[in-house]
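Written out below as structure tokens is the structure these notes cover.
Sequential numbering from 1 along the given sequence is applied to the chain's residues.
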Amino acid sequence: VENILMYMTLCACVAILYRRCGMTLWVAVLAALLYAVDDAHGIPAGWLSGRNATLTCLFGVLTLIAHDTWRRKNSFAALAWSVLALIVGFACGEATIFVYGYLLAYAMCMESGGIKQRAVSLVPYGVVLVGYLATYKALGYGTRYSGLYSDPFGNPIGFARDIALNLPALLQAQLGIISSNTYVVMPQRFQFILHLLDIAFIALFFIALLPLFKTSKLARFWGLGMFLSLPPVCATVPTDRLLAPAGVGGIALVAMFIEFAAARWNNAPTPARRRFEHGMVYFFLFTHAFLAPLSLPFNSTSVGIFGKLVDTGIAALPLDESIVDDSIIIVNPKVDAYCITMPAYQSSRRLPVPRHLWGLDASLGGMTIHRTDKSTLEVEVEGGFFPKPFGSCFHGPADPWTVRRVVSVADFDATILELTEDVRPKKIRFAFKRPLEDPKYHWFCFRTRNLEPFTPPAIGETIYLPGRTIVQGIRSMIRLSMSP
């Protein structure tokens, strides 16, 4: 309930911002409604642990409302409220930094003074940013040893590369029809197709919006603000849940284009341009007024569906008092959350937790398991261990994998025997501290729909566990979401 109220408050503040910035009533209402039903906002609105995304966007929007009041009415009280909202936003999460893109766009597009006067309007926010970054670094926050996030300060070249790759995906996803979530499930060797489609759609949108940009400084503000708000979130894998801040400007731009095209519905400069604008209006309405509301319920409940997946895994495991000193080993969990989430999930319910819960590989590839002695397995995975993007969460390019490297944990030593072409482990030897049949070890594997008990092969034998395609995984999630 709290998440829904927070999201409703955000949508109301976005509507106020639209009117304050000069959008006509019906366009502001249309934009606010399209923003409210944008399916990209489903996960932040429906995920308790993701509410910081809603809060950072909310206080960023409040910052913009107060900033606009300060600049229009020269109200220093509004300036104080703007700075306060910004500080509270940073207390909610680092994503509040998106608002600097809109503040810069406001200075460039909405201010009427010279360059010096426009720059002065940004000084109070610059002071807050310097203070925030100093505190951020002094307290040791940031990213380290991860390939899932790039640190703008520690790895500026990698961050620039991520902007070049991820910003078009996010920009297209905000305005267009292809979800940036596609990058999560699309094999890397085919992702160039998505990049080409993103660039093609962006070019199409720019051609459509160019006459509006030429005639409306407000449209230029929304467009530039949307664009400048995106680089901070390019530091990680592009997903639609990151688009709430960019949507403030993106949805406003869509609504203003519909108004612009409607005003000259039969009076465009050329017949070709008229047909093109009509087609873009239908496209935007289909994407944002039809498809988005249909997808929103699924997105907002997707984390709950994910929770059901974890529940099914918990139900299949012997999680009672007898295992608190034992280890559970899931050979191929397919979803790494089985091993990451279950201990916290059990602890939060004050239920028994095993001493250790290991997942040997969480990819979707098929797995060949060969036993060499009483305590050792050699495991080879089709496509390799730690598939991108999420397989790189806890290991970054600064510490590359090498053959014969050994990683030791409480129950086993893992030695890399073979690497993939992109330098990820392909074959690993797991040398356990006890015989594999030791009663302290409880073995499981994923076969069809859920975890099942697993019997390690006999010494010298090899077994094969088939992989699973993305389509099969999605089908399982859909079946699960429709189950009682």
(message) Could you walk me through whether Phe284 and Phe205 satisfy the side chain to side chain contact (heavy atoms under 4.5 Å, CB included) test, starting with their C-alpha distance in whole Å, then the side-chain angles of each, then the deciding distance to 0.1 Å, before giving a yes or no?
(response) CA-CA 10 Å; Phe284 282 138; Phe205 299 147; 4.1 Å; yes
(request) Walk me through it: do Val403 and Leu419 pass the test side chain to side chain contact (heavy atoms under 4.5 Å, CB included)? (result) CA-CA 7 Å; Val403 174; Leu419 297 174; 3.9 Å; yes
(message) Determine whether Asp399 and His395 satisfy the following criterion, side chain to side chain contact (heavy atoms under 4.5 Å, CB included), listing intermediate values before the conclusion.
(response) CA-CA 7 Å; Asp399 184 24; His395 190 273; 3.6 Å; yes
(request) For the residue pair Lys427 and Phe385, establish whether any side-chain heavy-atom pair is separated by less than 4.5 Å. (result) no
(request) Scan side-chain atoms only and decide if Asp373 and Thr376 contain a donor-acceptor pair under the 3.5 Å cut-off. (result) yes
(message) In the structure I gave you, are the side-chain heavy atoms of Tyr441 and Arg434 within less than 4.5 Å of one another anywhere?
(response) yes
(message) Less than 4.0 angstrom from a charged side-chain N to a carboxylate O is my criterion; do Asp411 and Lys440 meet it?
(response) no
(request) Assess whether atom CZ of Phe153 is packed by more than 12 heavy atoms of other residues, nucleotides or ligands within 6.0 Å. (result) no
(message) Take a 6.0 Å sphere around OH of Tyr149 and say whether it holds more than 12 heavy atoms from other residues, nucleotides or ligands.
(response) no
(message) Could you check whether any side-chain heavy atom of Phe430 comes within less than 4.5 Å of a side-chain heavy atom of Thr415, counting everything from C-beta outward?
(response) no
(message) Within the 4.5 Å heavy-atom criterion, are Leu319 and Pro354 side-chain neighbours or not?
(response) yes
(message) In this structure, is the centre-to-centre distance between the rings of Phe283 and His288 below 6.0 Å?
(response) no
(message) What I want to find out is whether Glu94 reaches Lys137 closely enough, with some N-O distance under 4.0 Å, to be called a salt bridge.
(response) no
(request) Supply the atom-to-atom distance Asn166 CG to Thr236 OG1, rounded to the nearest 0.5 angstrom. (result) 8.0 Å
(request) Report the distance from atom CE of Met342 to atom CG of Leu317, rounding to the nearest 0.5 Å. (result) 5.0 Å
(message) Please report the interatomic distance SG(Cys92) to CG(Leu58), rounded to the nearest 0.5 Å.
(response) 8.0 Å
(message) Looking at every heavy atom in both Tyr7 and Asp38, which two are closest together, and how far apart are they?
(response) OH-O, 4.4 Å
(request) State whether the side chain of Tyr102 and the backbone N or O of Gly249 hold a donor-acceptor pair below 3.5 Å, judged by distance alone. (result) yes
(message) Check the orientation of His195 and Tyr183. Use parallel for under 30°, tilted for 30 to 60°, and perpendicular for over 60°.
(response) tilted
(request) Please name the pair of heavy atoms, one in Ile416 and one in Pro425, separated by the smallest distance, quoted to 0.1 Å. (result) CD1-CG, 3.9 Å
(request) Determine whether the aromatic ring centres of His67 and Tyr125 lie less than 6.0 Å apart. (result) yes
(request) Could you tell me the separation between the CD atom of Gln174 and the CD1 atom of Ile202, rounded to the nearest 0.5 Å? (result) 11.5 Å
(message) Looking at Ile157, I'd like to know if its CD1 atom is crowded, meaning that more than 12 non-hydrogen atoms belonging to other residues, nucleotides or ligands lie closer than 6.0 Å.
(response) no
(request) Answer yes or no: are there more than 12 heavy-atom neighbours, outside Tyr464 itself, under 6.0 Å from its atom OH? (result) yes
(request) Taking all heavy atoms of Thr420 and all of Gly384, pick out the closest pair and write down the distance. (result) CG2-CA, 3.7 Å
(message) How long is the straight-line distance from CG of Leu86 back to OG1 of Thr56, given to the nearest 0.5 Å?
(response) 11.5 Å
(request) Among Arg355, His442, His356, find the one that has a side-chain hydrogen bond (donor to acceptor under 3.5 Å, both in side chains) with Ser327. (result) Arg355
(message) When you compare the side chain of Ile428 with that of Leu377, does any pair of heavy atoms fall below 4.5 Å?
(response) no
(message) For the CZ atom on Phe227, are there more than 12 heavy atoms of other groups (residues, nucleotides or ligands in this structure) within a distance under 6.0 Å?
(response) no
(request) Check whether any side-chain heavy atom of Thr455 lies under 4.5 Å from a side-chain heavy atom of Trp443, and answer yes or no. (result) no
(request) Can you see which heavy atom on Ala85 is nearest to which on Leu62, and at what distance? (result) CB-CB, 4.1 Å
(request) Indicate whether any N or O donor in one side chain lies under 3.5 Å from an N or O acceptor in the other, for Ser150 and Asp162. (result) yes
(request) Report the distance from atom CG of Leu103 to atom OG of Ser229, rounding to the nearest 0.5 Å. (result) 11.5 Å
(message) Within the structure provided, determine whether Trp222 and Tyr18 are in side-chain contact (heavy-atom separation under 4.5 Å).
(response) yes
(message) Counting neighbours of CG on Leu291 that are heavy atoms of other residues, nucleotides or ligands and sit closer than 6.0 Å, is the number greater than 12?
(response) yes
(request) Give the minimum heavy-atom separation between Asp326 and Pro439, together with the two atoms involved. (result) OD2-O, 3.9 Å
(message) Donor-acceptor check, side chain of Glu452 to backbone of Cys445, threshold 3.5 angstrom: yes or no?
(response) no
(request) Run the numbers on Val61 and Ile65 for side chain to side chain contact (heavy atoms under 4.5 Å, CB included), then give the verdict. (result) CA-CA 6 Å; Val61 170; Ile65 292 172; 4.1 Å; yes
(message) Does any part of the side chain of Gln172, heavy atoms only, come nearer than 4.5 Å to the side chain of Ile178, both counted from C-beta?
(response) yes
(message) Does this structure show an ion pair linking Arg241 with Asp39, if we count only N-O contacts that are shorter than 4.0 Å?
(response) no
